[in-house]
Amino acid sequence: MPSTHGFLDMTLAGLGWGLHPCGMAEPHLAAGRLVDLGPAHRVEVPLYWTITRLHAAPLRHLTDAVRIAAGAVLVGGG
């Protein structure tokens with residue numbers, strides 16, 4: 001999603017789960033529209049790093065750093 005608000009809207013619509021800024025999520029948590037999974041709740045899903053081809057070259061160093069960090073700490077990373 002191109003915006004944090006759009007991503008939150010998609011989560012509220014039940015199209016997935018997400019990590020949202022507390023200030024945006026708290027009213028929805030209080031109203032029961034979102035559920036806090038908490039750190040004890042494990043969710044294993046494939047993660048994807050996507051960038052547009054237009055910006056791929058300038059973001060190469062960042063992409064490499066994300067891949068290295070993910071490979072070091074995520075289950076099945078690498």
Side-chain angles (χ1 to χ4, degrees):
M1 291 305 307
S3 73
T4 54
H5 291 285
F7 184 47
L8 179 60
D9 290 342
M10 297 283 286
T11 307
L12 289 166
L15 297 173
W17 62 272
L19 180 64
H20 302 289
C22 291
M24 291 175 65
E26 285 171 354
H28 301 290
L29 289 165
R33 292 185 294 269
L34 290 178
V35 176
D36 185 354
L37 296 179
H41 185 92
R42 290 182 60 111
V43 177
E44 292 188 24
V45 296
L47 299 176
Y48 301 93
W49 176 256
T50 59
I51 55 174
T52 65
R53 284 182 279 184
L54 179 65
H55 300 289
L59 292 175
R60 173 56 44 205
H61 293 295
L62 176 61
T63 297
D64 292 343
V66 168
R67 286 182 172 166
I68 289 167
V73 299
L74 296 178
V75 174

How many angstroms lie between [atom1] in [X] and [atom2] in [Y], if you round to the nearest 0.5 Å?
X     : Y     : atom1 : atom2 : answer
Leu47 : Leu74 : CG    : CG    : 6.0 Å
Leu34 : Met24 : CG    : CE    : 10.0 Å
Thr11 : Leu19 : OG1   : CG    : 10.0 Å
Leu15 : Phe7  : CG    : CZ    : 10.5 Å
His20 : Leu12 : NE2   : CG    : 7.0 Å

Pairs touching residues 49-63 that satisfy salt bridge (Lys or Arg N to Asp or Glu O under 4.0 Å), sequence neighbours left out: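 The answer is Arg60-Asp64.
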Hydrophobic cluster membership, Ile51 vs Val66, 4.5 Å side-chain cutoff: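 Same hydrophobic cluster.
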4.5 Å side-chain heavy-atom contact, His28 and Leu8: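 Yes, their side chains come closer than 4.5 Å.
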